[in-house]
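Report on the following structure.
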Amino acid sequence: MQQTTHLANYNNEGYQPGSFLKRLAWMLVSGIFFKTSIFPFYGLKSFLLRIFGAQIGKALVIKPNVHIKYPWFLQIGDHCWIGEGVWIDNLGTVKLGNNVCISQGAMLLCGNHNYTEPCFNLMVKNIIIENGVWIGAKAIVTPGVTAGSHAVLTVGSVATKSLEPYGIYQGNPALLVKTRLLKG
């Protein structure tokens, strides 16, 4: 006899991402300054992220309509670009190295659910995006993935496993299609 899913039994009590007041304050700040088109000031956005515990390097470019779940689980190196409509669902730590580009509409997802459990338990794993990586528009990085130095995840691709340094990955699931060669 096959077991069935029982979402009424879902229990997320073991996951504590921060106090209720801290999360509420972030939701308000995020809604006013990040999930809108009317505040394009990169320096102000970096300042606000730092106030909420993010580790932010210099010269962050963060476009409008960006969703960041919990800035206190976010580390961003120097000279990074985060495109319009990016969703960083960082239930765990998301670490971006230096010179990383996360293009518009991309998603970095640290959480998932265990579909083998009847109560659909939450699973959280960190994401590491190393120096020089480019995550293409509408691409998705799933929990536990490390994108090696200068890897590329092409438009609309889904990284379900770690990406080798300088690899160019395409598809769902993303597969290595060639090696990235930088001129100069």
Minimum side-chain heavy-atom gap V94-C110 below 4.5 Å
yes
dist L28:CG -> F33:CZ (nearest 0.5 Å) comes out at 10.5 Å
Item to check | Greater than 12 external heavy atoms within 6.0 Å of W26's CH2 | outcome: yes
Separation between CG (N121) and CG (N112), nearest 0.5 Å, reads 12.0 Å
message: Any non-hydrogen side-chain atom of F34 less than 4.5 Å from a side-chain atom of L48?
response: yes
Side chains of H150 and L182, heavy atoms from C-beta outward: is any pair under 4.5 Å?
yes
Take atom OH in Y15; do more than 12 heavy atoms of anything else shown fall under 6.0 Å from it? yes
When L153, I62, V86, V133 are each screened for side chain to side chain contact (heavy atoms under 4.5 Å, CB included) with I102, the one that passes is V86
Note: Y10 and C119 closest approach over all heavy atoms is CD1-O, 3.2 Å
What one should report as the nearest heavy-atom pair of T160 and V145 is C-CG2, 3.9 Å
For P64 and T36 the tightest heavy-atom approach is CB-O, 3.3 Å
Rounded to the nearest 0.5 angstrom, the OH-CG distance for Y169 and L176 is 4.5 Å
request  = Could you walk me through whether T146 and E130 pass the side chain to side chain contact (heavy atoms under 4.5 Å, CB included) test, one step at a time?
outcome  = CA-CA 7 Å; T146 295; E130 294 181 353; 3.8 Å; yes
Under 3.5 Å, side chain of D78 to main-chain N/O of G57, donor-acceptor pair present? no
The side chain to side chain donor-acceptor pair (under 3.5 Å) partners of W72 (sequence neighbours excluded) come to none
When every non-hydrogen atom of P17 is compared with those of R23, the smallest separation belongs to CG-CD, 3.8 Å
| message | Determine whether a donor-acceptor pair (N or O, by modelled atom type, separation under 3.5 Å) exists between the side chain of N126 and the backbone of G92. | response | no
query = What about Y70 and I129, same hydrophobic cluster or not, with Ile/Leu/Val/Met/Phe/Trp/Tyr joined at side-chain heavy-atom distances under 4.5 Å?
reply = yes
- prompt: Hey, is the main chain of W81 close enough, under 3.5 Å, to the side chain of K63 for a donor-acceptor pair?
  reply: no
> Is there a chain of hydrophobic side chains (I, L, V, M, F, W, Y, each step under 4.5 Å between heavy atoms) that links I135 to V158?
Replying inline: no
Shortest non-hydrogen pair, A151 vs L163, comes out as CB-CB, 4.0 Å
With sequence neighbours left out, the residues meeting side chain to side chain donor-acceptor pair (under 3.5 Å) with H113 are none
Original post:
Heavy-atom distance under 4.5 Å between the side chains of P118 and T4, does that happen here?
Top reply: no
Distance col, row L108:CG vs N90:CG, nearest 0.5 angstrom, shows 8.5 Å
To the nearest 0.5 Å, atom CD1 of I88 lies from atom CD1 of I127 at 9.0 Å
Check: Can you tell me if CD on E117 sees more than 12 non-hydrogen neighbours from other groups inside 6.0 Å?
Finding: yes
Among the clusters formed by ILVMFWY side chains lying less than 4.5 Å apart, do V152 and L175 turn up in the same one? no
Residues passing the side chain to side chain contact (heavy atoms under 4.5 Å, CB included) test with D89, sequence neighbours excluded, are K69, W87, L91, L109
NZ (K45) and CG (L60) are apart, to the nearest 0.5 Å, by 9.0 Å
Can you hop from F47 to I56 via hydrophobic side chains spaced under 4.5 Å?
yes
Derivation of the side chain to side chain contact (heavy atoms under 4.5 Å, CB included) call for F120 and H6:
CA-CA 8 Å; F120 217 48; H6 296 283; over 6 Å; no
Checklist entry - What about I51 and I76, same hydrophobic cluster or not, with Ile/Leu/Val/Met/Phe/Trp/Tyr joined at side-chain heavy-atom distances under 4.5 Å? => result yes
Correct closest heavy-atom pair for T154 and A139 would be O-CB, 3.8 Å
